[in-house]
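Notes for the one structure printed next.
Since this is a predicted model, take the numbers as computed values, not measurements. Read the numbers this way: they start at 1 and go in the same order the structure lists the ligands and their atoms. Values below: all heavy atoms of this structure, side chains included; hydrogens, waters and symmetry mates excluded. We number each residue from 1, following the sequence as shown.
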Amino acid sequence: MALTARYIMSAAYCSRMPPPGRPEFCILGRSNVGKSSFLNHFFRNNTLAKVSKAPGKTATANFYEVSDGTMWVDLPGYGFARTSERQTHRLSDLITGYCSGRPVLAGILWLFDIRHPGAGADREIAGLINPLNPRVLPILAKSDKITSSRRQQQVRVFKKLFGFFCDPVPYSVRSEELREGFEQRYEEWKKAALSDKGP
Ligand SMILES: Nc1nc2c(ncn2[C@@H]2O[C@H](COP(=O)(O)OP(=O)(O)O)[C@@H](O)[C@H]2O)c(=O)[nH]1
Ligand SMILES: [Mg+2]
């Protein structure tokens, strides 16, 4: 059965987050990579998260209860240049503070633009959050922008470049087939991520 999600709350600081309860999966990725679109599409609900043409809009961590008993947390995007230094600091504190200090964090859904494997902001954050961790599931967003043969090529390029434990999963909000593929991968990965040993 398709999963559903329900918005709970937003927090601008780690100290304002809800008390740890359910196991959490967070959504990490560059500003404008398609995090909000992914949420809305995966849960078949366009009112969950705001999608915008202009990057740098989400400045909070947004919490969603999912029907499988987990909590998903949509983090603000990183790598958006046109914000003040103070705001940039707050956002990176929020992202790295959450990823390194949240006791119930069980896994990271990490989105990349399938067309740009070497993006500087992604490399930078990969110095702070270890892509080799088996609890990272890499997702290659906007896969409709390239042909399906190039998709498989990009999966290998990303895997080699970052050294991911899991094979990256192509995704597109324009493809039912890729949504189904991701649903399967998520279920497998989730089982392992929620077990003691990890995948
Ligand atoms: N072609 C295409 N565009 C997408 C896809 N996902 C997101 N977008 C577009 O990318 C832009 C940023 O999306 P958004 O979800 O707000 O990114 P966020 O900043 O990471 O939350 C919007 O214009 C979306 O319509 C996708 O799978 N395919
Ligand atoms: Mg967003």
query = Does any N, O or S atom of Ser36, backbone or side chain, fall under 2.8 Å from the Mg ion (ligand 2)?
reply = yes
Contact (N/O only, under 3.5 Å) between [X] and ligand 1:
X: Val33; answer: yes
X: Gly34; answer: yes
X: Ser143; answer: no
X: Ser36; answer: yes
X: Asn32; answer: yes
X: Val173; answer: yes

message = Starting from Phe164, can I reach Leu161 by hopping between I/L/V/M/F/W/Y residues whose side chains sit under 4.5 Å apart?
response = yes
request  = Please lay out, stage by stage, how Phe112 and Phe158 fare under the test ring-ring contact (aromatic ring centres under 6.0 Å, His included).
outcome  = CA-CA 9 Å; Phe112 298 85; Phe158 270 92; 5.6 Å; yes
query = For residues 108-118, which residue pairs qualify under salt bridge (Lys or Arg N to Asp or Glu O under 4.0 Å), counting only residues two or more places apart or in two chains?
reply = Asp113-Arg115
task = Would you confirm whether Tyr64, through its side chain, and Leu48, through its main-chain N or O, come within 3.5 Å as a donor-acceptor pair?
result = yes
ask   = Taking Glu24 for the side chain and Val104 for the main chain, is one N or O donor matched with an acceptor at less than 3.5 Å?
value = no
note = Taken in chain and number order and not counting sequence neighbours, the residues that satisfy side-chain contact (heavy atoms from CB on, under 4.5 Å) with Ser15 are Tyr13
key: Inter-residue atom distance Gln153.CD - Ser148.OG, 0.5 Å rounding   = 11.5 Å
Distance under 4.0 Å to a non-hydrogen atom of [X]: what atoms of ligand 1 satisfy this?
X: Lys35; value: 15 (O), 17 (O), 18 (P), 19 (O), 20 (O), 21 (O)
X: Lys145; value: 1 (N)
X: Ser37; value: 6 (N), 7 (C), 13 (O), 14 (P), 15 (O), 24 (C)

task = Please check if any side-chain donor atom of Asp68 sits under 3.5 Å from a side-chain acceptor atom of Tyr186, or the reverse.
result = yes
key: Asp144 contact mode with ligand 1 (heavy-atom cut-off under 4.0 Å)   = side chain
ask   = With a 4.0 Å cut-off on heavy atoms, is Arg30 touching ligand 1?
value = yes
